[in-house]
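A quick write-up on the structure given underneath.
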There are 2 protein chains.
Amino acid sequence: MVKQVTEMLKGTLEGIVLAILSVRPAYGYEITAWLRDQGFTDIAEGTIYALLVRIEQRGLVDVQKIPSEKGPPRKVYSLNAQGQLYLDDFWRTWSFLTERLEQLRDRIERPQEEGE
Amino acid sequence: MVKQVTEMLKGTLEGIVLAILSVRPAYGYEITAWLRDQGFTDIAEGTIYALLVRIEQRGLVDVQKIPSEKGPPRKVYSLNAQGQLYLDDFWRTWSFLTERLEQLRDRIERPQEEGE
DNA sequence: CGCCGCTATTCAGTGATACTACCTACCGGT
DNA sequence: ACCGGTAGGTAGTATCACTGAATAGCGGCG
């Protein structure tokens, strides 16, 4: 029943990853693990990698291949200037959405103020 | 460039419409107009109708055909018990997402507290 | 040595959702 | 008869996340 989060993540997950990369560069496996840690337990492995490929192709991130002690080399992504602009847009869009949703929720909780 | 809202609406728009219907019953044309009014200027006409068909088929709303003075009859949708349960789930999922995003934004704005 | 587990990435196919771009239909006014 | 506003509907497309794999490097255990 509750696959809502899957659909709600569309468009948002991208912003989340860019936001993570704005804190510091990271690679796919690391990001996935961190997200699971934060409670996004149902984010599939492949999802993050596909997303990273997309944002790389759009030129929002720079990539560096760095050898790992244990396993194949890591692709470390870092946010570039264009990515930062896109992230700013993301936060604006997100704020717009949250404001509208908050208004709706308020109206539902206080039906007498239905003034419209 | 800024089609972010389109992707971010996926999964969210459904909740928004259900939330609107929880305030009072409404019909498609009315909902679309209201959304445009609220700043969702790029929501296409057809989108809402398709969404209403979906939630009706899932049994989240009840439908009543009511004649209009000007134009074809309206299909007035109202949230039923199952829809209310689904809406509750939506708010839970939404809260989870906003909390995570707020945490992320806070961490970015205060990078010295990166403690993790 | 061979297998397993962990790290790390990639990919083809599927499903859900919103958009584009239309079409149908009812009504009143010119 | 036509047009604009009201009202609903649909086929095709694009995007995005998920499923379920495969590939590859490395270390440890029997």
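Below, chains carry the letters A, B, ... as their sequence lines are ordered, and counting in each starts from 1.
- Residues A/V76 and A/P25 approach most closely at CG1-CB, 3.8 Å, considering heavy atoms.
- Comparing A/Y27 and A/E7 by the nucleotide of DNA chain C whose heavy atom lies nearest to each, the residue mapping closer to the 5' end is A/Y27.
- Within 4.0 Å (heavy atoms only), B/L52 reaches no atom of the nucleic acid at all.
- Using a 4.0 Å cut-off between charged nitrogen and carboxylate oxygen, B/E56 and B/K75 count as a salt-bridge pair.
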Original post:
Given the rule in the side-chain contact (heavy atoms from CB on, under 4.5 Å) test, do B/I16 and B/L9 qualify, once you have shown the distances and angles that lead to the verdict?
Top reply: CA-CA 9 Å; B/I16 292 175; B/L9 275 176; 4.3 Å; yes
Within the sub-3.5 Å range, which N or O atoms of nucleotides 9-13 of chain D have a protein N or O partner, and how far apart are they?
from	atom 1	to	atom 2	distance (Å)
D/dG9	OP1	B/K75	NZ	3.1

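- Side chain B/K10 to base D/dT15: a donor-acceptor pair is found below 3.5 Å.
- Here the side chain of B/R100 pairs a donor or acceptor atom with the backbone of A/Q38 at under 3.5 angstrom.
- At the phosphate of D/dC16, OP1 or OP2 sits under 4.0 Å from a side-chain N or O atom of A/R54.
- Closest heavy-atom contact between B/Y86 and B/E14: OH-OE2, 2.8 Å.
- Here the shortest heavy-atom pairing between B/S95 and A/R105 reads OG-NH1, 3.4 Å.
- With hydrogens and angles ignored, the 3.5 Å screen pairs no side-chain donor or acceptor of B/Y29 with any backbone N or O of B/E45.
- Here the range on DNA chain C touched by chain A, meaning any atom under 4.0 Å from one of its heavy atoms, is C/dT7 to C/dT17.
- If you check every strand for non-hydrogen atoms under 4.0 Å, B/E14 touches sugar and phosphate atoms only.
- For A/T47 against A/L13, the heavy-atom pair with the smallest separation is CG2-CD2, 3.7 Å.
- The 12-atom threshold is not exceeded at CD of A/Q64, counting heavy atoms of other residues, nucleotides or ligands nearer than 6.0 Å.
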**OP:** Might you work through the side-chain contact (heavy atoms from CB on, under 4.5 Å) test for A/F90 and A/L18, ending with a clear yes or no?
**Re:** CA-CA 9 Å; A/F90 169 77; A/L18 291 174; 5.9 Å; no
Atom pairs, protein N/O to nucleotides 24-30 of chain D N/O, distance under 3.5 Å:
none

